[in-house]
Each structure stands twice: as structure tokens, then as C-alpha cells.
Amino acid sequence: MKYYKTHTLGCKVNTYETQAIKELLNKNGYEESLEDNPLCDVYIINTCAVTSIGEQKSRQKIRSAIKKYPGSVIVVMGCYSQLHSEEVQEIEGTSIIIGTQDRKRIVELLDEYFKNEEQINIVSKNTRQRTYECLDISSYQENTRAFLKIQDGCNNFCSYCIIPYTRGNFRSRPKEDVLNEVKRLVDNGFKEIVLTGIDTSSYGKDLENYTFDDLLKDILITAPSLKRLRISSIEESCLSDEFISLLQTSPVIAHHLHLPLQSGSKTVLERMKRKYTKEEFYSTIKKIKEAVPDMAFACDVIVGFPGESEEEFNETCEFIKKCGFAYLHVFPYSKRPGTPASVMKDQVDPKIKKERTSKLIALGEELKRNYEVQFEGKEVDVLIETFDEKKQMYKGYSSNYLEVYVKSDIDICGQYIRTIYHRY
């Protein structure tokens, strides 16, 4: 029996892929070594490269794993190793380097390493002609909701983003595989599924006569007992009238949409090479709010993009207020070598980026509070996920992502219940 441990950095896609790797190992005679178990024959690190901080954390984790488990096979995969495989290879103690493709070969690669004890690097720099690598899951140990990856790669090439270079060309997962996994997860007791990917809502663009909206409808038909279907992130350009109609009529699709706005300035959006105007963005949000009044919108915002003036930053702040977002995810611009933005003139001073980031985070807290108070004392449906030791209450989330606390004398984790919402 060989034992393994895993560590995941970055996004929901990485979380999904780590789970798929675990299931592959479990099926092939390995056993997961949990936190309190010191046994570790294999340590797998799924890395991130979306920001320079993500890369730094990846390097730190690789080195700390090598130091803590000197006798283990150290496997490095994910976006950081895809982008910097030679750099990872130079870290003494690294055993297997994989990247963002060929993860299904993990057992074969481990067999080879145990036999020869020679470093293996299978990272291919050709990322633009890939087919979808289907990694399956059936369960999650850590969560009551399950992530489900439906596509990989991106063809957008926004001027600041490294992901198209690490994840490759856009490709959809076959719909039969998606629907089979939905059924498997629901049969295994999951009440909420979160659809995820690199460019999730563009699903189907490489398929014949099949769209993201078609997939949503088929999921609802395939899994009639599913309580909630959540979408991890969705581009404004993919919010069709058919999608809005589904939001309005289906009690299953969550009333919470995460939109990558990135900037509310017309000129910054142009420099970012985003595929929409702020007028189009606002028009779509307004249309959804009219159809689904309790909809919670979250958005990503990049602060301090090259050349961002005080006027452009203030334009972003005012646009965010106008849209009435419920949640903001604020990121200071991180220079990614190899992207057009990294060589743009007028890089913003780090001190200014920090000040603007703080200002937007404060605005986000205000908007969150303004959204939540509307629901004080009202009934909400909530999926209970954890027990909060500090509050001595059970915690879960509503369809529109309100954090809900419930007192109970019995264990209600995993239950889907209706309760009164109170802010804590």
C-alpha cells in the first residue's frame, strides 16, 4: 500500500482536477493520507500561475513539501509547471512534472518513477492544438457541493491574462460525459453542483448545434432531484435571452452570477482587449434584475491596469455602484511576462495600486451589506455545509449566496432546508 497527499492552489478547476487525480489513485491501490497521518509516499501539488503571487505560493509549496517529506515522490502539475517546467525541474527533490495535460497518466508515471527513480518531465509547450482530457469524479470528501468541470482552455487572449498560454485552446467536454457525471454525483447524494471551467459559459462553441443553454436544460432533465445548480463564472456576452428565461423559470439554477467585469472604464476595457462595452454589460445586468429581482451579482475587478488614471479608476467605482453588485473580488494588476500588458507603458505605481485596492474592497463591503439587509427576516432555502465552532451554529448558503446560520440540536450538515435569514 502506498500513501499520497495532495495540495491544491488556485481555482475551482484545479480543485476538480485534484479530486479526479485522487480517484484515479484510489482505484489503483493508493490510499489518501489525511492530515493527521504522517505516511506519505507521494505528494502532489496542483499549482497556479494566474498571478505572480500564485506562482510564488506554488514555488513555496513545492519547496516546503520536499523539506517536510524528503523521502516522497514529489509530483508538480498545473499552470505554474506548464508555464515554467524548466524552473520546476531545477528544484532539487522534484520527481515528476506534468503541466495541464496528460494528468490521466499519473499512475503510469508513478510506476515508472518507482522503477527507475529518475526525474520525469512530460510537459509539452504546444498548448493550442489540444483535445479535451476527460477526468472523472464521483464524490468529494470535503464538500456538500460538487464542482463539475465542463470545459478547458480559452481563446479570448485578454491582454493581461496568461491562462490561454497555460491551458491551451478552448475545448468543450462531451455532453454525454457531463450528464453522466451529473447523474453520478446526484446519485451519490450531492444536492448542489457547481459548473466550472476556464471559460465556462462559452461551452458548446466548438460543438455542432449545442450550446451552454442546451446543457443547462439537459442537466435539469437528467437530474430532476438536484436541488441547486450553480455557475462558477459567466461572461456577459454569454447571457442570452434563453439563459435569462431559464433563470426566471427554474427554481434549481442559483440566483447568483459571478461576472468578470475587470474594469468599469471604457478605455481600460479597450486596453484589456475585453469583448464587451460597459453599456452592453450594464444593459444585460439590468435585464436580468428585471427578470430575477433577488439576483446577486459578483464581479472580478483588476485594479491598477497599465495606464489606469485616477479618472479611469473613479469611472470604475461609479460603474460598480450603478450596477449594484452584491460581492466584489478585487485584484491588483499582476504583470505576467509573455502577455501584451506586461510591456505596456505607464505601469501603475504599487503604492497607488494598494490604495485603490483598499478603496474598492471598502466599496465591496458596503455593497455586500446593502444587498444583505434586503433579506433580513425573510425565508430562504439553504444548503447546510459546516458547523461553526465559534458561533455554535450550522452554516450554509442560499441560492443567492447569502451566508446563513442555523441553530440545531441535531447534525443537519448536508441538508437542504428553509429558514429565516439573519445577518451575523
Side-chain angles (χ1 to χ4, degrees), residues 1-11 13-22 24-26 28-127 130 133 135 162-163 165-168 334-339 342:
M1 174 69 69
K2 287 186 169 64
Y3 292 88
Y4 70 89
K5 290 180 181 287
T6 64
H7 184 86
T8 304
L9 297 108
C11 64
V13 173
N14 272 8
T15 300
Y16 176 93
E17 290 168 350
T18 298
Q19 179 61 31
I21 293 298
K22 287 182 181 183
L24 270 174
L25 292 173
N26 293 344
N28 285 274
Y30 289 80
E31 184 172 321
E32 184 172 11
S33 177
L34 300 178
E35 284 185 16
D36 57 349
N37 187 344
L39 296 175
C40 181
D41 299 291
V42 177
Y43 198 105
I44 300 170
I45 304 154
N46 201 351
T47 62
C48 175
V50 70
T51 65
S52 57
I53 292 174
E55 289 191 354
Q56 181 185 349
K57 287 181 177 178
S58 296
R59 287 191 296 271
Q60 289 172 344
K61 191 60 194 179
I62 294 166
R63 291 192 172 96
S64 69
I66 291 168
K67 185 177 180 180
K68 187 172 182 180
Y69 301 102
S72 298
V73 177
I74 304 296
V75 181
V76 182
M77 62 177 61
C79 289
Y80 173 64
S81 55
Q82 178 65 49
L83 199 62
H84 301 293
S85 61
E86 297 88 353
E87 192 175 297
V88 175
Q89 192 171 326
E90 291 300 313
I91 300 175
E92 189 175 347
T94 304
S95 311
I96 301 173
I97 305 123
I98 298 180
T100 57
Q101 192 78 350
D102 297 319
R103 278 77 49 95
K104 291 189 86 167
R105 292 180 58 194
I106 183 69
V107 174
E108 167 203 335
L109 294 170
L110 285 168
D111 287 345
E112 182 182 337
Y113 187 85
F114 281 121
K115 181 180 178 182
N116 300 322
E117 294 190 352
E118 293 179 357
Q119 189 185 66
I120 300 169
N121 182 351
I122 63 163
V123 176
S124 168
K125 293 302 181 183
N126 178 17
T127 63
R130 292 179 170 181
E133 181 183 27
L135 296 163
I162 199 67
I163 297 305
Y165 305 93
T166 64
R167 284 282 175 173
S334 174
K335 186 189 285 190
R336 313 306 296 125
T339 63
S342 68

Thr18/Thr8 under side chain to side chain donor-acceptor pair (under 3.5 Å): CA gap, chis, key distance, verdict: CA-CA 7 Å; Thr18 298; Thr8 304; 2.8 Å; yes

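- No donor-acceptor pair closer than 3.5 Å links the side chain of Ser81 to the backbone N or O of Ile97.
- Going from atom OG1 of Thr94 over to atom CD1 of Ile120 covers 12.5 Å, rounded to the nearest 0.5 Å.
- Here the side chain of Lys125 pairs a donor or acceptor atom with the backbone of Gln82 at under 3.5 angstrom.
- A distance of 7.5 Å separates CD of Glu17 from SG of Cys11, quoted to the nearest 0.5 Å.
- The heavy-atom pair separating Leu83 from Ala49 by the smallest distance is CD2-CB, 4.3 Å.
- The two residues Val75 and Leu110 make their nearest non-hydrogen contact at CG2-CD2, 4.1 Å.
- When each of Glu87, Glu55, Lys61 is checked for a side chain to side chain donor-acceptor pair (under 3.5 Å) with Tyr80, only Glu87 meets the rule.
- In terms of heavy atoms, Tyr69 sits closest to Pro38 at CE2-O, 3.9 Å.
- One distance of note links CG of Leu9 with CD1 of Ile62; it measures 9.0 Å at 0.5 Å rounding.
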Residues Asn26, Tyr4; criterion side chain to side chain donor-acceptor pair (under 3.5 Å); working and verdict: CA-CA 10 Å; Asn26 293 344; Tyr4 70 89; 2.8 Å; yes

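- In this structure, Lys2 forms a cation-pi arrangement with Phe114, its terminal cationic atom sitting closer than 6.0 Å to the ring centre and no more than 45° off the ring axis.
- To the nearest 0.5 Å, atoms CD1 (Ile96) and CE (Met77) are separated by 8.5 Å.
- With hydrogens and angles disregarded, no donor-acceptor distance shorter than 3.5 Å links the side chain of Lys5 to the backbone of Glu32.
- Contact annotation: the side chain of Ile106 approaches that of Ile98 to within less than 4.5 Å [non-hydrogen atoms, C-beta and beyond].
- At a threshold of 4.5 Å between non-hydrogen side-chain atoms, the residues Ser52 and Lys335 do not count as touching.
- Note: Gln19 CD to Asn46 CG = 12.0 Å, rounded to the nearest 0.5 Å.
- Lys104 is listed as a side-chain neighbour of Leu135, based on a closest heavy-atom distance under 4.5 Å.
- Smallest separation of non-hydrogen atoms from Cys79 and Arg167: SG-NE, 3.5 Å.
- A pairwise comparison of heavy atoms in Ser342 and Arg336 identifies CB-O, 3.3 Å as the closest pair.
- Here the side chains of Ile44 and Leu25 are in contact, with some heavy-atom distance below 4.5 Å.
- Distance alone, capped at 3.5 Å, places no donor-acceptor pair between the Asp41 side chain and the Val73 backbone.
- Proximity of a side-chain donor or acceptor of Gln119 to a complementary backbone N or O of Gln89 within less than 3.5 Å is detected.
- Applying the 6.0 Å contact sphere to CD1 of Ile53 captures no more than 12 heavy atoms from other residues, nucleotides or ligands.
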Derivation of the side chain to side chain donor-acceptor pair (under 3.5 Å) call for Thr100 and Thr166: CA-CA 7 Å; Thr100 57; Thr166 64; 5.9 Å; no

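- Note that SG of Cys48 is 6.5 Å distant from CD1 of Ile163, once rounded to the nearest 0.5 Å.
- With hydrogens and angles disregarded, a donor-acceptor distance shorter than 3.5 Å links the side chain of Glu133 to the backbone of Arg103.
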